[in-house]
Amino acid sequence: MRTRTLLLLAIVCGLAILIAGGIQLLRLGNQESSSTLLAMGQPGKAGDVTVTLISSSVPSTDRSTLVTTVTLGGADDADGLDGFTLVGPGKVASVTSSTCAGITIAPVECELTFATDDMQGTSRQLIFRRADEQLRWVLAADK
């Protein structure tokens with residue numbers, strides 16, 4: 001092949017990549033955020049479940065755990081509590097114990113306990129994921 005032909009092919013390939021990147025950028029820019037930041041006491045809906053964070057505290061006897069109280073309901077799912085995680089620097093914690101056996105159709109108040117012994121700092125966020133939707137509460141932020 002001639003040098004001129006190779007240069008033209010390189011320019012055409014570069015333009016094709018540039019156009020494809022621009023189209024992808026427009027697609028991503030038009031997407032709505034699937035994470036909803038909520039305040040304590042504010043109800044949120046993820047999929048078919050409604051969740052309200054009532055309180056969050058570190059027990060005075062065991063500083064390596066965090067207890068949150070939530071009201072949840074809207075679906076009958078024994079494994080629904082698996083959607084809760086506690087995120088902090090250096091660790092993501094799952095529910096270690098709960099006063100509920102799962103999610104029920106009728107709203108129920110539950111205490112969820114998370115182990116925080118390997119988390120650094122004081123920043124904590126409670127996250128609930130269900131049906132490609134996410135609810136998020138900031139429990140404590142590093143200053």
Side-chain angles (χ1 to χ4, degrees), residues 1 5-143:
M1 281 193 166
T5 306
L6 290 174
L7 285 172
L8 286 174
L9 281 174
I11 291 172
V12 169
C13 287
L15 285 174
I17 292 170
L18 186 64
I19 290 170
I23 291 170
Q24 182 66 9
L25 185 62
L26 289 174
R27 287 182 57 216
L28 291 175
N30 290 332
Q31 286 184 347
E32 291 184 28
S33 174
S34 63
S35 179
T36 304
L37 179 61
L38 300 168
M40 195 170 298
Q42 181 181 7
K45 191 165 178 83
D48 51 355
V49 176
T50 302
V51 182
T52 305
L53 176 65
I54 297 170
S55 69
S56 171
S57 63
V58 176
S60 59
T61 57
D62 186 4
R63 297 262 177 218
S64 64
T65 61
L66 182 114
V67 178
T68 59
T69 304
V70 296
T71 301
L72 52 103
D76 191 17
D77 186 357
D79 297 326
L81 298 180
D82 293 343
F84 283 99
T85 53
L86 181 70
V87 178
K91 185 175 181 184
V92 175
S94 298
V95 175
T96 55
S97 67
S98 171
T99 58
C100 299
I103 299 174
T104 59
I105 293 175
V108 177
E109 189 172 300
C110 298
E111 280 190 2
L112 308 175
T113 305
F114 300 89
T116 60
D117 48 354
D118 293 336
M119 287 187 186
Q120 319 296 314
T122 59
S123 178
R124 306 284 185 266
Q125 291 189 23
L126 179 66
I127 299 188
F128 178 70
R129 287 187 182 100
R130 188 168 177 93
D132 294 332
E133 294 178 324
Q134 177 174 298
L135 303 176
R136 182 171 56 101
W137 296 267
V138 176
L139 305 179
D142 285 333
K143 305 254 178 197

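The analysis underlying the following values was restricted to heavy atoms, covering all of them including side chains, and did not include hydrogens, waters or symmetry mates. Positions are given from 1 along the sequence.
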With the side chain counted from C-beta on, respond yes when [X] and [Y] share a heavy-atom pair under 4.5 Å apart, and no when they do not.
X      : Y      : answer
Leu66  : Met119 : no
Lys91  : Thr116 : no
Leu135 : Leu53  : no

Identify each donor-acceptor pair in which a side-chain atom of residues 44-51 lies under 3.5 Å from a protein atom, sequence neighbours left out, and give them as a table.
| residue | atom | partner | partner atom | Å |
| --- | --- | --- | --- | --- |
| Asp48 | OD1 | Arg130 | NE | 2.8 |
| Asp48 | OD1 | Arg130 | NH2 | 3.4 |

Measure across [X] and [Y] and return the closest heavy-atom pair with its distance rounded to 0.1 Å.
X      : Y      : answer
Asp77  : Asp79  : OD1-N, 3.0 Å
Cys110 : Thr99  : CA-OG1, 3.4 Å
Ala93  : Ala115 : CB-O, 3.4 Å
Leu81  : Cys100 : CD1-O, 3.6 Å

Spacing of [X] atom [atom1] and [Y] atom [atom2] [to the nearest 0.5 Å]:
X      : Y      : atom1 : atom2 : answer
Phe128 : Leu112 : CZ    : CG    : 10.0 Å
Leu139 : Ser55  : CG    : OG    : 10.0 Å
Met40  : Ile54  : CE    : CD1   : 10.0 Å
Thr85  : Ile127 : OG1   : CD1   : 5.0 Å
Phe114 : Thr96  : CZ    : OG1   : 7.5 Å
Arg136 : Thr36  : CZ    : OG1   : 9.0 Å

Open item on the list: Set out, in order, the CA-CA distance, both residues' side-chain angles and the distance that settles side-chain contact (heavy atoms from CB on, under 4.5 Å) for Trp137 and Val70, then state yes or no.
Closed with: CA-CA 11 Å; Trp137 296 267; Val70 296; 6.0 Å; no
Task: Ser97 (side chain) donor-acceptor with Thr113 (main chain) under 3.5 angstrom - done: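 No.
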